[in-house]
Amino acid sequence: MCGIVGIVGKSDVNTSLYDALTMLQHRGQDAAGIMTCDNGKLAQQKAVGLVKDVFRTRHMHRLVGHMGIGHVRYPTAGASGPALAQPFYVNSPYGIALAHNGNLTNTAKLTEDLFKADLRHLNTDSDSEVLLNVFAHELQLQGKLTPTPEDIFKAVEGVHKRVSGGYATVSMIANYGIVAFRDPHGLRPLVFGKRETANGEEFMIASESVALDVLGFKLIRDVAPGECVFITTEGELHTRKCVEKSLLSPCIFEHVYFARPDSIVDGVSVYKARLRQGEKLAEKILREKPNHDIDVVIPIPDSSRVAGQSLAQSLGVKFREGLVKNRYIGRTFIMPGQQQRKKSVRQKLNVIDLEFRGKNVLLVDDSIVRGTTCQQIINMARDAGAAKVYFASAAPAVKYQNVYGIDMPSKRELIAHGRTEEEISVEIGADWLIYQDLDDLIAASKEGNPEIPRFDCSVFNGDYITGDVNSEYLDQLEKSRSDSVKAARERALAEKSESAIVGMHNDE
C-alpha cells in the first residue's frame, strides 16, 4: 500500500510534491522518491527512509521543473532496499517514469512476456517495474514521434488487457505530460483536482484527497475504474475510460485502516465511515452483551480513535486516551518483518496508568491481523492495573491473504485463520473479544456512497474479485513473501554485507 502523487503546474513543483508526500507518509515508510521534468531533462531523488530524511535542500535545488511525480513505498511484493524505491524509469519511448500503488496478480506471466516477446529488460523483482515496461511497450506500439491523447489512451487500453490485479499509477512522459490510470475494479484509490493560479490552472493527482486539500487543490473527482487521465505540459486535461468492462470495487480496508480520516475515498468520507463502524460495533455489543460491565473505552491510536469515540458514545460509557503514541515511530502494521513490528510496539505506545487501574477496559482497534500488537497492548493494560481487559475490532476477523497490495501474504500468520473467536480471545489474552460483522462494515462504508456497487473484502471473506487467484497462486505467494521468507532474505543480505566489510578490511 503506497502513496503516489503527480502535479502539472505553472512553476516548479518540487516543494508541492514534497508536501504532498508528507501528507501521504502514512501510506508507506520504507522509501520515498520524486522525479521532475524541466524542458525534457529529468531529475530524480529517491532513497530508503521517510520523506523528511530522503530529501534535503540540495536535492530540491536539483529537482526543478513544472511537472513531476512522487512516491512513498510500503513493501509487499519484492524486498526492501534503495533499488526498489520509486519512481521507476525507462528511456524508451520518450522517457517514462512511473509510480505505482497496488500489486499485480499475473506478474510472473508478464515478466516472461516482457522478456521473450517485448524484448525488454527488468532490473528488479518489483511488479511496479513490470507495469512500467508494459505501459512503455504499449505506448511504443503506437509508433508516433509525438504521442497524442489518443495514443496514450490506446496504450492504457493495452495495459488493461494484459495486466491483472490492483493498480493505481501516475506516470510522467518527458516533454508531454502526466498520465494516471486505475485498474478496472478501482481497487486502489486515486483522485485528481485543480487549483487556479495567476498563471493559469494547475492539476494534481494523488492517492488521497487530503494531499490535494493541504496544497489548495479543489477535488474534481476520483479516477474511475479503468479510466485514464492525461494532463499535458500545457495543462490540458484529457480523460477516457480505457476498458470495456469495469465495476467499482474499492478495497474496504482503506476505510478501516490505511486512509487518513480527513480523506474522501470514492465519495466516502473516511471519518464518517469510521464513526459508523463504531456505532454498529456498539449495537453488536449491546445485542450480545447487554449486561456488560465496561467502565471505559480506550482506542489504540491512531486509526481506531474515531470508531472508539462513537462506540463509547453509543454505549454510554467514558472515552479516554489511555495510550499515548510516540509520533516519531512509524505505523506498526506496515513495517516490514514481524520482529520489527514486535520491537516497535512498546516503543510506540505508553500507558497512562490511572486510566487503567482498577477498571474494566474495552480496548478498540481498527482490526486484528497477526495479533501480536494487541497481545502486547493487552499485557500493558494488565500491567497498568486493569481489572478486566476486553477487546473490540472495528473490522471483521482477517482470515485470508491479501493479493492486491496489503502485506498479508501468509494465512498462517493471520491469527484468525483457523481459529474461533473464543480461541483468538485466549490467544491475545483478552477477557472477551468481539469483531465487527462484515455486513455492518460494508453498510458503514456504503452509507457514505450508495452508488458503490461492491467492495473488495477478500481479507475477510476470501472472495478475490479479479477472478485469477487460486490456491496455487496463494501458496506461491506465501512461499515468496511470508515474514519467515523476508526474515531469511534480510539475514542473507546482512551476511553478504558483513562478508563484504570483512573482505574490505582484509584487503587493507
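Using a 4.0 Å cut-off between charged side-chain N and carboxylate O, Glu478 and Arg412 make a salt bridge. Between Glu321 and Arg305 there is a salt bridge, since a side-chain N of the basic residue sits under 4.0 Å from a carboxylate O of the acidic one. Salt-bridge formation is detected for the pair Glu254/Arg27: a Lys NZ or Arg NE/NH1/NH2 atom is positioned less than 4.0 Å from an Asp or Glu carboxylate oxygen. With respect to Arg287 and Asp437, a salt bridge is recorded, a charged nitrogen being found less than 4.0 Å from a carboxylate O.
Looking at Asp266, its side chain never comes within 3.5 Å of a backbone N or O of Val268 through a donor-acceptor pair. No side-chain donor-acceptor contact under 3.5 Å links Ser445 to the backbone of Ile442. The closest donor-acceptor contact from the side chain of Ser171 to the backbone of Leu98 lies at 3.5 Å or more, if one exists at all. Judged by distance alone, the side chain of Ser367 and the main-chain N or O of Val369 form no donor-acceptor pair under 3.5 Å. Looking only at distances, no side-chain donor or acceptor of Arg274 sits under 3.5 Å from a matching main-chain atom of Ala394. Although no hydrogens or angles enter the test, the distance criterion places no donor-acceptor pair under 3.5 Å between the side chain of Lys399 and the main chain of Gly462. Side chain of Ser209 to backbone of Ile264: a donor-acceptor contact under 3.5 angstrom is found. At distances below 3.5 Å, at least one donor-acceptor pair connects side-chain atoms of Asp183 with backbone N or O atoms of Leu187. For the pair Asn350 (side chain) and Val324 (backbone), a donor-acceptor distance under 3.5 Å is absent. A distance-only check finds no donor-acceptor pair linking the side chain of Asp222 to the backbone of Val191 [under 3.5 Å].
His26 and Glu208 share a donor-acceptor pair across their side chains, judged by distance under 3.5 Å alone. With 3.5 Å as the limit, one finds a donor-acceptor pair spanning the side chains of Tyr390 and Asp293. Under the 3.5 Å distance criterion, with hydrogens and angles disregarded, a donor-acceptor pair is assigned to the side chains of Glu129 and Thr124. Donor-acceptor pairing under 3.5 Å is recorded for the side chains of Ser128 and Gln86. For the residue pair Asp468/Thr105, the side-chain donor-acceptor check at 3.5 Å is satisfied. A donor-acceptor pair shorter than 3.5 Å can be found between the side chains of Lys241 and Ser246. At a cut-off of 3.5 Å, with distance as the only test, no side-chain donor of Ser249 or Asp456 sits close to an acceptor on the other residue.
Remark: Glu279 CD is packed, more than 12 non-hydrogen atoms of other residues, nucleotides or ligands lying under 6.0 Å away. In Lys289, the NZ atom is crowded: over 12 heavy atoms of neighbouring residues, nucleotides or ligands sit closer than 6.0 Å.
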Carefully, step by step, assess Met204 and Leu215 under the rule side chain to side chain contact (heavy atoms under 4.5 Å, CB included). CA-CA 9 Å; Met204 178 176 176; Leu215 291 169; 3.7 Å; yes
Run Asp431 and Lys388 through salt bridge (charged side-chain N to carboxylate O under 4.0 Å, His left out) and show every step you take. CA-CA 6 Å; Asp431 289 289; Lys388 294 180 181 178; over 6 Å; no
Decide side chain to side chain contact (heavy atoms under 4.5 Å, CB included) for Asn461 and Leu438; before the verdict, give the C-alpha distance in whole Å, the side-chain angles of both, and the deciding distance to 0.1 Å. CA-CA 9 Å; Asn461 60 13; Leu438 181 55; 4.0 Å; yes
Trace of the side chain to side chain donor-acceptor pair (under 3.5 Å) decision for Thr466 with Tyr404: CA-CA 10 Å; Thr466 53; Tyr404 303 126; 2.7 Å; yes
Side chain to side chain contact (heavy atoms under 4.5 Å, CB included) between Lys109 and Arg162, intermediate numbers included: CA-CA 10 Å; Lys109 184 180 186 308; Arg162 296 179 63 179; over 6 Å; no
Mind running side chain to side chain contact (heavy atoms under 4.5 Å, CB included) on Asp365 and Ser393 for me, showing each step along the way? CA-CA 5 Å; Asp365 207 353; Ser393 169; 5.9 Å; no
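When all heavy atoms of Val163 and Leu104 are compared, the pair lying nearest together is CG1-CD2, 3.5 Å. Closest non-hydrogen pair, Leu354 versus Lys359, comes out as O-NZ, 3.4 Å. Here the shortest heavy-atom pairing between Gly70 and Leu21 reads C-CD2, 3.8 Å. Lys325 and Pro301 get closest at one heavy-atom pair: CB-CG, 4.1 Å. Of all non-hydrogen atoms in Ala387 and Arg382, the two that sit nearest each other are O-NH1, 4.4 Å. Looking at every heavy atom in both residues, Met23 comes nearest to Val210 through CE-CG2, 3.8 Å.
For the atom pair CG (Leu441) and NZ (Lys446), the distance works out to 13.0 Å, reported to the nearest 0.5 Å. Rounded to the nearest 0.5 Å, atoms CD (Glu421) and CD1 (Ile424) are 7.0 Å apart. Here SG of Cys251 is found 4.5 Å from CZ of Arg188. Values are rounded to the nearest 0.5 Å. The distance from the CZ atom of Phe391 to the CH2 atom of Trp432 is 11.5 Å, given to the nearest 0.5 Å. Ser314 OG to Gln309 CD: the interatomic distance, rounded to the nearest 0.5 Å, is 11.5 Å. How far NZ of Lys318 is from CG of Asp295: 8.0 Å, rounded to the nearest 0.5 Å.
Phe356 is not listed as a side-chain neighbour of Met380, based on a closest heavy-atom distance of 4.5 Å or more. Contact of the His71 side chain with the His100 side chain is not registered, since no non-hydrogen atoms from C-beta on lie closer than 4.5 Å. Taking the side chain as every heavy atom from C-beta outward, Val229 and Leu237 approach each other to under 4.5 Å. With contacts defined as side-chain heavy-atom distances shorter than 4.5 Å, the pair Arg73/Leu84 qualifies. Proximity of Thr169 to Phe135: side-chain heavy atoms (C-beta onward) are nowhere separated by under 4.5 Å. Side-chain contact between Arg221 and Thr239 is present, with heavy atoms from C-beta onward closer than 4.5 Å. Within the 4.5 Å cutoff, no side-chain heavy atoms of Leu362 are placed close to those of Val296. Side-chain contact between Glu244 and His160: absent, with no pair of heavy atoms (C-beta onward) separated by less than 4.5 Å.
For Phe258 and Tyr74, the ring centers are positioned less than 6.0 Å apart. Ring to ring, Phe217 and Phe192 are not that close: their centroids are 6.0 angstrom or more apart.
Between Phe181 and Tyr167, the two ring planes are perpendicular [angle over 60°; tilted spans 30° to 60°]. Classification of the Phe253-Phe460 ring pair by plane angle, with boundaries at 30° and 60°, yields tilted.
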